[in-house]
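Beneath this line is the structure, given in structure tokens, with notes to follow.
Count residues from 1 along the sequence. Here the structure is a predicted model, which means the values were calculated and not measured. The figures here come from the full heavy-atom set of this structure, side chains too, leaving out hydrogens, waters and symmetry mates.
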Amino acid sequence: MVTRNEDNGDLVLRFDGSRPLSIAAVEEIDALCDRAEDRREPGPVTVHLTGAPPAGWAKGLTVGLISKWERVVRRFERLGRLTVAVASGECAGTALDLLLAADVRIAEPGASLRLSSAGGGSWPGMTVYRLTKQAGAAGIRRAVLLGTPIGTERALALNLIDEVTDDPAKTLAELAGVTDGAETAIRRQLIFEAGSTTFEEALGSHLAAADRALRREAKS
């Protein structure tokens, strides 16, 4: 399901969403997160995504395996380093899970996002949760209820992807010197919390982050 390639110090993973979900895929993503956390230099973790699961893909799966997969995607989503996803072709199932969990999302021309189907409807996993949180219920209703693919133009309008380009390498090169992992994780957490906390509750976290930034600035 996953092949690995590391180039110029960047962690790069190529993920085929058409392959069956397995414990091996869970372990590969876990291992990627381990390597990313062990390497503290600037630069993103990049995941190239494509593929959609075939009909009947969910037969034989267990809730236990699905839970392991959802947890490892959540770990990737909270990784202490910038994450970048590059989508090409049809991107569904596990590939879509990883795309929606990435910080920066790039799509090649012609890419489309789609929920996989199982049990008489779209797969009711955490993909639905992320789509709704990120794009709003109205924006993704047809995709969830009818399985309507989301093309690049629509995905851009819904902010599910950030850029469409036939030269992802150029954008990836621009991200090579991004802030270090600890600072990325702090700012990402502030974004996550903003949607579910009041101003008063969030103020302490933002002040602590500001104090940390000031101390780092003074040392530079």
Which heavy atom of [X] sits nearest a heavy atom of [Y], and at what distance?
| X | Y | value |
| --- | --- | --- |
| Val73 | Asp97 | CG1-O, 3.9 Å |
| Val72 | Val26 | CG2-O, 3.6 Å |
| Thr127 | Leu96 | CG2-CD2, 3.6 Å |
| Phe76 | Ala101 | CD2-CB, 3.9 Å |
| Leu190 | Ser205 | CD2-CB, 3.9 Å |
| Leu65 | Ser22 | CD1-C, 3.9 Å |

Item checked: Heavy-atom side-chain contact between Thr165 and Lys170 under 4.5 Å ->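 Thr165 does not reach Lys170 side chain to side chain.
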
Item checked: Side chain to side chain, Val164 and Glu153, heavy atoms closer than 4.5 Å ->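 When only atoms from C-beta onward are counted, Glu153 and Val164 do not touch, as no gap falls below 4.5 Å.
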
Under 3.5 Å: donor-acceptor pair, side chain of [X], backbone of [Y]:
| X | Y | answer |
| --- | --- | --- |
| Ser122 | Val144 | yes |
| Trp123 | Val128 | no |
| Arg114 | Glu90 | no |

Next item on the list: May I ask you to say whether Asp16 pairs ionically with Arg19, meaning some side-chain N is under 4.0 Å from a carboxylate O?
Entry: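 A salt bridge is present here (some side-chain N lies under 4.0 Å from a carboxylate O).
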
Checklist line | Test: Arg81 and Asp103 ion pair at under 4.0 Å | finding: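 Result for this pair is no, no salt bridge flagged.
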
Could you tell me the separation between the [atom1] atom of [X] and the [atom2] atom of [Y], rounded to the nearest 0.5 Å?
| X | Y | atom1 | atom2 | result |
| --- | --- | --- | --- | --- |
| Ile140 | Leu113 | CD1 | CG | 12.5 Å |
| Ile66 | Met126 | CD1 | CE | 12.5 Å |
| Thr94 | Glu70 | OG1 | CD | 10.5 Å |
| Gln134 | Leu160 | CD | CG | 6.5 Å |

Notebook entry, point to check: Does the pair Leu98 and Thr83 meet the rule for a side chain to side chain contact (heavy atoms under 4.5 Å, CB included), with working shown?
Noted result: CA-CA 10 Å; Leu98 291 170; Thr83 55; over 6 Å; no

Notebook entry, point to check: Is there a path from Phe15 to Leu61 through hydrophobic residues (I, L, V, M, F, W, Y) whose side chains come within less than 4.5 Å of each other?
Noted result: yes

Note to self: Between Tyr129 and Leu115, is there shared hydrophobic-cluster membership here, with clusters defined by ILVMFWY side-chain heavy atoms closer than 4.5 Å?
What the structure shows: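 No, it is not one cluster - the side chains of Tyr129 and Leu115 are not joined through contacts under 4.5 Å.
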
Next item on the list: Mind running side chain to side chain contact (heavy atoms under 4.5 Å, CB included) on Asp34 and Arg75 for me, showing each step along the way?
Entry: CA-CA 10 Å; Asp34 286 342; Arg75 183 185 179 194; 2.7 Å; yes

Check: Yes or no on side chain to side chain contact (heavy atoms under 4.5 Å, CB included) for Glu193 and His206, after CA distance, side-chain angles and deciding distance?
Finding: CA-CA 10 Å; Glu193 292 175 352; His206 283 264; over 6 Å; no

Notebook entry, point to check: Given Arg14 and Thr50, is the side chain to side chain contact (heavy atoms under 4.5 Å, CB included) satisfied, shown in steps?
Noted result: CA-CA 8 Å; Arg14 298 186 181 275; Thr50 191; over 6 Å; no

Check: Within a reach of under 6.0 Å around CZ of Arg71, are more than 12 heavy atoms found that belong to other residues, nucleotides or ligands?
Finding: no

Next item on the list: Take atom CD of Glu174 as the centre, draw a 6.0 Å sphere, and report whether it contains more than 12 heavy atoms from other residues, nucleotides or ligands.
Entry: yes

Checklist line | side chain to side chain contact (heavy atoms under 4.5 Å, CB included), paired with Ile161, selected from Leu156, Ile106, Val86 | finding: Leu156

